[in-house]
Amino acid sequence: MTRDEAASKIRAGYAGALAGWILGAPHDGKTDWTSVTFYDPANPKAELPPQAVFVQNLRNGIVTGLPRFGAASFAAANVKIGLRAPLSGSFSNPLRESGTSLYSAIGAGVLPGEAAERAFSSASACHAGEAVYGAMFWAAAIASAGFEDSAAACFLRAEKALPGSSALRKIPKGVSDAKRAGCSWQETRGRLLEWLSATPEDIRAAFGFAYLACLYGEGDFAKSICIAAGCGGCASAQAGVVGALVAAVNGTVPEEWLRPISHLNSFEIGTELEDDRLRPIFEPTVAAAAEGQSPAPPDKTCLDDFSAAAECFEQTFQESVFDGADVRAAVSFPNGVCRDPAASHAVAFRIQNRSNAPIELEPIIEAEGCTVAHRARRVRIEPGSSSFVPVIVQAGELIENANLRLKAGGLEAPAPMIPALYVWVASPFDNREQLGYEQVFAPEIDQSPNAAYKGRSGIVIRWNRVLFCGSELDVEPHFIDAPGVAYVGAEFLFDPGKHTAVIESGVGQVVWIGGEKRAWYQNTHIPCAKPEAPYAISFETAGWTKFLIKLVRNSSPLPPVVLYFLNEDGRVMRPRASRQPGTG
């Protein structure tokens, strides 16, 4: 392969990704498969889906121009309070393992060299866990495509970009077995969802949909991206990675797929190609050109062997990381991000030397609105090594806008003091023969703070305070491993105006807001966290607002209940405070 051929294949990957994005966008969020054959004729002036262009800004703390809903909206709320990736993607984010993380694979994969690391850096801004690993795998596959002649060969190389314990490793075999058994792609899609017990927008489903599209597409660009888009779920992300991979392997995109999107020109590679690691691929030697010879084969030392992916696997998603030229500062919260004013709070600062020479620095800890204890002192840090500065925030009242920060090596790393929110849970009440949903229990009538109720098997039930950091609430322990009914109560303080509560249980629920019954359903399913009926409930408030939620558990354990709030603009927001009903 010549350098020109390698360059052409990588450019084709950009074009293929663009075609996939546009093809899949109208099918994002669909829960069933669709027969897709070409671009949506109702969208002749197609534009890139917004998720494809914002991640780097978010990682750098810029939160303007983001989609109103999705994993990025939760990450943006975290960035606003001072958190950075990867904690911005993992904290209080019910969509942290959604398939939209595959957008990050495209930008990382079409530029060979450190593809898996680039994907980790990008995806972890808004996602965590398997969603980040899935992006790393597809970035590695796409990065290999410019130098391999089949998707299968790319997948073999990309396996190094998945941790050995990743659940995603089992998916390719499951898809391949279904195809060998004679299943159509539609049947394999259905089997995949059933096997994984996942929604179509879960990363495991998106990963599998993209893989089956390549398998059933058999190297045909149009067939492959149409299957990826037709699977629904995160259709544009799936079709984007499939389009990038198949186009790069083939070295071209059919003209009929380029012509309708020529106005975008986003597949023209710009200054990225001047990266030093890419010059051996894209710059033919002057001597060869002068003598009319074919350019020499590309220097494959610029390619990513994905060995550095192992370093990413060792990183935690529970740190807020700030990078400088020579120093990296990371902030973690050993006992949780949210602070209980009645208890001491631990914060750990880690300072890493990223240079090739030892450095000496004196960390400075600044605190406002809180009292801290620490032993920060001047330290010498060897290359690649880290120094830790533990800080204890003393118990006491926490004033609004209190903050803590580390200054070291020209970096400033904030550790936001986020006041804890609480809810109060009364459980378990009886749900024998699954009749609890219809039955009226005492908390629906009396929510006084000191009330005592007769619960399942005659036990006495009282309201128990439970920490709630926002977006998900684990009520399962309160059912004591058996069917039952639980009540969750709280008063939240909001800024005056219109808001939306999004509340979703996997079995059934009834919701009262301000004493008024506002939403109810009984339907066993996997919670998907979308702000849609019957889970999204609009309300208007002048301040404190009372919530009561009835939750039902059958024989299977109850998944965490989704609970978060949106402001009038539809963006994720956090209540200012909480209190037990009847105590205000």
Side-chain angles (χ1 to χ4, degrees), residues 17 19-43 46-55 66-76 93-106 123 126-127 130-131 134-135 138 185-186 189-190 192-194 196-210 212-213 225-243 471 500 502-504 506 521 523 525-537 562 564 566 569-572:
W21 279 333
I22 302 304
L23 179 71
H27 306 284
D28 279 335
K30 290 186 178 179
T31 57
D32 204 353
W33 66 269
T34 306
S35 179
V36 178
T37 57
F38 202 60
Y39 299 120
D40 183 0
N43 188 25
E47 298 295 342
L48 281 176
Q51 294 91 335
V53 294
F54 64 72
V55 171
L66 300 181
R68 290 192 175 183
F69 183 73
S73 61
F74 291 94
N93 185 353
L95 298 176
R96 59 187 173 273
E97 295 211 22
S98 67
T100 53
S101 66
L102 296 185
Y103 285 115
S104 299
I106 299 168
C126 308
H127 298 82
E130 298 286 17
W138 281 96
W185 72 261
Q186 295 93 334
R189 177 192 181 276
L192 191 63
L193 290 175
E194 183 178 355
L196 297 171
S197 297
T199 66
E201 291 169 291
D202 185 287
I203 180 56
R204 296 169 298 162
F207 184 97
F209 293 165
L212 77 83
I225 63 171
C226 285
I227 291 175
C231 283
C234 299
S236 57
Q238 294 151 198
V241 294
V242 170
S471 84
T500 299
V502 181
I503 308 171
E504 184 179 3
Y521 69 85
N523 174 25
H525 65 291
I526 303 170
C528 64
K530 284 187 175 182
E532 57 188 26
Y535 320 119
I537 312 163
V562 173
Y564 64 90
L566 305 175
D569 293 332
R571 300 190 185 278
V572 176

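Summarising the geometry of Gly208 relative to Leu192, their closest heavy-atom pair is CA-CD2, 3.5 Å, with the distance given to 0.1 Å. Closest non-hydrogen pair, Ala210 versus Trp138, comes out as CB-CZ2, 3.4 Å. The nearest pair of heavy atoms linking Val242 to Ala228 is CG2-CB, 4.0 Å. Counting all heavy atoms, side chain and backbone alike, Ala229 lies closest to Ala235 at O-CB, 3.5 Å. Pairing each heavy atom of Val241 with each of Ala105, the nearest pair is CG1-CB, 4.0 Å. Nearest approach of Cys126 to Ala71, heavy atoms of both residues: O-CB, 3.5 Å.
Not one N or O on the side chain of Asn93 forms a donor-acceptor pair closer than 3.5 Å with the backbone of Phe74. Between the Asp28 side chain and the Ser236 main chain, a donor and an acceptor come within less than 3.5 Å of each other. Tyr103 places no side-chain N or O within 3.5 Å of a backbone atom of Ala123 that could act as its donor or acceptor partner. Listed for the Glu194 side chain is no donor-acceptor partner under 3.5 Å among the backbone atoms of Gly190. The backbone N or O of Phe209 lies less than 3.5 Å from no partner atom in the side chain of Gln238, so there is not a single donor-acceptor pair.
Between His525 and Tyr535, the ring-plane angle classifies as parallel under the 30° and 60° cut-offs.
At a threshold of 4.5 Å between non-hydrogen side-chain atoms, the residues Leu102 and Cys234 do not count as touching. Tyr564 is listed as a side-chain neighbour of Pro531, based on a closest heavy-atom distance under 4.5 Å. The side-chain heavy atoms of Arg189 and Pro200, taken from C-beta on, include a pair separated by under 4.5 Å. Tyr521 is listed as a side-chain neighbour of Pro534, based on a closest heavy-atom distance under 4.5 Å. When side chains are defined from C-beta on, Cys231 counts as touching Trp185, because their heavy atoms get closer than 4.5 Å. Side-chain contact between Val502 and Leu566 is present, with heavy atoms from C-beta onward closer than 4.5 Å.
For the atom pair Leu23 CG and Ile225 CD1, the distance stands at 5.0 Å (nearest 0.5 Å). Note: Ile537 CD1 to Ile503 CD1 = 4.5 Å, rounded to the nearest 0.5 Å. We find the CD-CD1 distance between Glu201 and Ile526 to be 12.0 Å, quoted to the nearest 0.5 Å.
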Item to check | Chi angles and distances behind the side chain to side chain contact (heavy atoms under 4.5 Å, CB included) call for Ile203, Ser98 | outcome: CA-CA 5 Å; Ile203 180 56; Ser98 67; over 6 Å; no
Next on the checklist: Between Val36 and His27, does the side chain to side chain contact (heavy atoms under 4.5 Å, CB included) criterion hold? Intermediate values first, please.
Outcome noted: CA-CA 9 Å; Val36 178; His27 306 284; 3.5 Å; yes
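Thr100 and His127 are linked by a side-chain donor-acceptor pair at a separation below 3.5 angstrom, with hydrogens and angles left out of the test.
Salt-bridge check for Arg204 with Asp202: passed, with a basic side-chain N closer than 4.0 Å to an acidic carboxylate O. Remark: Lys530 does not engage Glu504 in a salt bridge, criterion side-chain N to carboxylate O under 4.0 Å.
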